Amino acid sequence: MKNNPIGIFDSGLGGLTAVREIQKIMPQEDIVYFGDTGRVPYGSKSREAINKYARQDARFLKKMGVKIIVAACGTVSSVAPDLSDELGLPYTGVVNPTCFTACQLTKNGRIGVIGTAATINSHSYKRRIQEKHPEFEVLEQHCQLFVSFVENGLVDPDDELVRLMVKRYMAPFKESGVDVIILGCTHFPLLADAIRREMGGGVTLIDSGKETAIYTKKILEEAGLLRDDDHIGEANYYVSDTPADFEKFAGLFLTASPKNRVEHINIEEY
Ligand code: DGL
């Protein structure tokens, strides 16, 4: 089991922010990634649809023989239940590890959360933070358009459209005094430079992909499932739409190009 791959899924490219960090901190691990590019975005879909997609994505990864499933998607982590019992596998989402770090880093107890519409409507991050720290103030803002921009490779902070979009979505945080902002959707770290430029250096941005990678390592260590040989990890990618588009933009997220490692699957079969 130790030598089996780590399974990661998202609606599209966003979960690659977790892949990148996993490759940094666990280079010996193989990865199987599923990006549901045929059905992205998840964040504007109903609870029923998101639940169905999450189950199908996880079932596909289970079939690929993974040792853990990472829902590298803020929307799935906020709306769908924890599937570990159902799958008989360790399973994690992004909300808990991200909230943990945000609570540690805030100095004034004012935390901003941005995510997809479904994530913000679920108040998942706010609830988790206030469960542990009822005294903290949490300001939420959905930024659903960010997902489309990132899926289309529009992330350059010098791009006028990117600048205007970020300015508009960040406006409620400007005078709020938040000192930490959770990037509660795994697509959003790609817009971190643009958000930082708008918010200034006094605000710490928390990358949900990165925090989830760190947490995944902890789960594997505790379960005795961390690979400990000198294997050089490989990643294989599966998508529900054309591999070409995924290959084109995945390079924005990853250090190594996924070229010739992306395959199409029919997710409706799972
Ligand atoms: N990357 C996902 C998330 O973290 C999903 C974005 C979407 O498909 O709307 O929420």
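Numbering of ligands and ligand atoms starts at 1, following listing order. What you are looking at is a predicted structure, and each value in this text was computed from that prediction instead of being measured. Numbering of residues begins at 1 and proceeds along the displayed sequence.
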Please work out, at 4.0 Å between heavy atoms, whether the side chain, the backbone, both, or neither of T116 comes within that distance of ligand 1. side chain
Would R39 pass as a cation-pi partner of Y53, given that its NZ or CZ must be under 6.0 Å from the six-membered ring centre and within 45 degrees of the axis? yes
Going by heavy atoms, is K45 under 4.0 Å from ligand 1? no
Would R261 and E247 pass as an ion pair if we require N to O under 4.0 Å? no
Flag for H142-Q144: side-chain donor and acceptor within less than 3.5 Å: no
Y42 heavy atoms, cut-off 4.0 Å: which ligand 1 atoms fall inside? 7 (C), 8 (O), 9 (O)
How close does the nearest protein non-hydrogen atom get to atom 10 (O) of ligand 1, and which residue and atom is it? T75 OG1, 2.6 Å
May I ask you to list the atoms of ligand 1 that are less than 4.0 angstrom from any heavy atom of G74? 3 (C), 4 (O), 10 (O)
Quick one: which ligand 1 atoms are inside 4.0 Å of a heavy atom on C73? 2 (C), 3 (C), 4 (O), 5 (C), 10 (O)
State whether the shortest distance between N or O atoms of G14 and N or O atoms of ligand 1 falls below 3.5 angstrom. no
Could you tell me whether S11 approaches ligand 1 through its side chain, its backbone, both or neither, with non-hydrogen atoms closer than 4.0 Å? side chain
With a 4.0 Å heavy-atom cut-off (strictly under), which part of D10 contacts ligand 1: side chain, backbone, both or neither? side chain
Does a sphere of radius 6.0 Å around NZ in K174 hold more than 12 heavy atoms from other residues, nucleotides or ligands, not counting ones at 6.0 Å or beyond? yes
Are the aromatic rings of Y238 and Y33 close, with centres under 6.0 Å apart? no
Atoms of ligand 1, numbered as shown, that sit under 4.0 Å from any heavy atom of V40: 8 (O)
Any nitrogen or oxygen of T119, side chain or backbone, less than 3.5 Å from one on ligand 1? no
K62 and D57 ion-paired at < 4.0 Å: no
Backbone of V66 reached by a side-chain donor or acceptor of N4 within 3.5 Å: no
Do NZ/NE/NH1/NH2 and the carboxylate oxygens of D30 and R227 come within less than 4.0 Å? yes
Test your reading of the structure: does G43 have an N or O sitting under 3.5 Å from an N or O of ligand 1? yes
Run down the list E151, R39, Q144, H187 and name the one with the heavy atom closest to atom 1 (N) of ligand 1. H187
Which is it for T116 and T119 under the side chain to side chain donor-acceptor pair (under 3.5 Å) test, yes or no, and what are the steps along the way? CA-CA 5 Å; T116 64; T119 295; 3.0 Å; yes
